[in-house]
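For the numbers below, each heavy atom of this structure counts, side chains included, while hydrogens, waters and symmetry mates do not.
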There are 2 protein chains.
Amino acid sequence: MVRQNPSYKEKKVISIGVVSELTGLSERQIRYYEERKLIFPDRSKGRNRKYSFSDVEALMDIANKIEDGFQTLEIRREKLKEQKKVEQEELRKKMIQGQLNARFGIRKN
Amino acid sequence: MVRQNPSYKEKKVISIGVVSELTGLSERQIRYYEERKLIFPDRSKGRNRKYSFSDVEALMDIANKIEDGFQTLEIRREKLKEQKKVEQEELRKKMIQGQLNARFGIRKN
DNA sequence: CGTGTAAGGAATTCTGACACG
DNA sequence: CGTGTAAGGAATTCTGACACG
């Protein structure tokens with residue numbers, strides 16, 4: 001049973017000003033990292049950027065890497081690689097579950 | 001050991017517009033419930049109200065009670081009563097812990 | 001490349017008040 | 001009592017651009 005907690009961490013509700021305060025980054029930097037496809041805020045009514053706490057964490061991570069001399073493109077590639085790893089992991093789990101279902105019957109997890 | 005998780009739920013970062021969308025309440029209503037001391041948003045730089053997810057939950061609770069015909073004053077009294085109950089509970093726990101410490105030595109919890 | 005900044009405009013939020021009931 | 005609304009103003013956010021390097 002996957003516990004679907006309210007998941008406040010992923011909810012995109014924070015405006016850029018607050019994100020700036022929370023991360024110590026300038027709004028310019030935050031918008032730029034979006035331009036470089038490192039973060040993906042929502043838009044409220046198609047206009048104002050809204051971020052999640054998860055985005056805030058990602059931004060602090062990005063800030064550290066930038067400080068360590070990484071370029072945004074490198075950071076992006078790293079993220080894509082990790083993303084792919086996670087996806088494969090999920091696929092693998094799904095296949096195993098599929099085999100279990102096939103042999104021992106269907107049940108919802 | 002009290003786990004101090006990031007506690008995103010309590011962090012006051014959401015502007016009134018988003019709260020309005022999240023709760024379905026008008027901004028007028030949200031401000032009014034603050035005036036009646038049912039919620040206590042922070043202010044960013046002393047101006048703009050900032051709410052937590054916890055506030056959002058409280059607001060939905062308030063909305064239900066209003067719908068059920070309760071007045072804001074009654075709702076407030078209820079909350080104060082519950083608050084007092086929680087405080088007494090905490091005090092009680094602290095006293096028991098104090099006795100344990102006195103008899104079996106000091107340890108951090 | 002990553003970031004600052006001034007520019008002009010649009011949307012957001014604020015307060016105090018009047019209205020209805 | 002609880003809520004809507006118009007009013008005027010202030011702060012926020014947006015975009016596209018120029019600048020430096």
Query raised in the report: Quick one: is Ser15(A) getting a side-chain N or O under 4.0 Å of the dT12(D) phosphate, OP1 or OP2?
Result: no
Query raised in the report: Can the ring centroids of Tyr8(B) and Tyr8(A) be said to lie less than 6.0 angstrom from one another?
Result: no
Report task. Report the residue (Arg36(B) or Lys45(B)) whose heavy-atom-nearest nucleotide on DNA chain D is the more 5′ of the two. Result -> Arg36(B)
Query raised in the report: Choosing from dC14(D), dT3(C), dG2(D), which nucleotide comes nearest the side chain of Thr72(B)?
Result: dG2(D)
**Report entry** Nucleotide nearest Arg28(B) when distance is taken to its side chain, options dC18(D), dG4(D), dG2(D)
**Finding:** dG4(D)
Report summary line: Whole-Å distance, Asp42(A) CG to dC14(D) C1', equals 17 Å
Query raised in the report: Given atom CD of Glu27(A) and atom C1' of dA11(D), what is their separation to the nearest angstrom?
Result: 11 Å
Query raised in the report: Of the candidate nucleotides dC14(D), dA17(D), dT3(D), which contains the atom at the shortest distance from the side chain of Asn48(A)?
Result: dC14(D)
**Report entry** Whether Asp61(A) side chain and Glu57(A) backbone form a donor-acceptor pair below 3.5 Å
**Finding:** no
Query raised in the report: Between Glu34(A) and Arg31(A), is there a side-chain N and carboxylate O pair less than 4.0 Å apart?
Result: no
Requested in this report: Determine: side-chain N/O of Tyr33(A) to OP1/OP2 of dG2(C), distance under 4.0 Å, yes or no.
Outcome: no
Query raised in the report: Between dT13(C), dT5(D), dG2(C), which one does the side chain of Arg31(B) approach most closely?
Result: dT13(C)
Query raised in the report: Could you state the CD1-P distance from Ile30(A) to dG4(C), rounded to the nearest angstrom?
Result: 10 Å
Report summary line: Of the candidates dT15(C), dT3(C), dC18(C), the side chain of Arg43(B) sits closest to dT15(C)
**Report entry** Residue whose nearest DNA chain D nucleotide is more 5′ - Tyr51(A) or Gln29(B)
**Finding:** Gln29(B)
Query - d(CD1, Ile14(A); P, dT12(C)) in whole Å - result: 18 Å
Query - Phosphate contact (dC14(C) OP1 or OP2) by Arg49(B) side-chain N/O below 4.0 Å - result: yes
Query - Out of dT13(D), dC14(C), dT3(D), whichever nucleotide has its closest atom nearest the side chain of Tyr32(B) - result: dT3(D)
Query raised in the report: At their closest point, which heavy atom of Ile75(A) faces which heavy atom of Lys65(A), and how far apart are they?
Result: CD1-CB, 3.7 Å
Query raised in the report: Among dT12(D), dC14(C), dG4(D), which is the nearest nucleotide to the side chain of Arg47(B)?
Result: dC14(C)
Report summary line: Testing dT12(C), dT3(C), dT13(C) for proximity to the side chain of Ile66(A), the answer is dT3(C)
Query - Nearest-nucleotide 5' precedence on DNA chain C, Phe70(A) against Lys50(A) - result: Phe70(A)
Query raised in the report: Who is the Watson-Crick or G-U wobble partner of dG4(D), with both distances under 3.5 Å?
Result: dC18(C)
Query raised in the report: Counting N and O atoms only, with roles assigned by atom type, does the side chain of Lys12(B) sit under 3.5 Å from a partner on the main chain of Phe40(B), one being a donor and the other an acceptor?
Result: yes
Report task. If dA11(D) has a Watson-Crick or G-U wobble mate with both distances under 3.5 Å, name it; if not, just say none. Result -> none
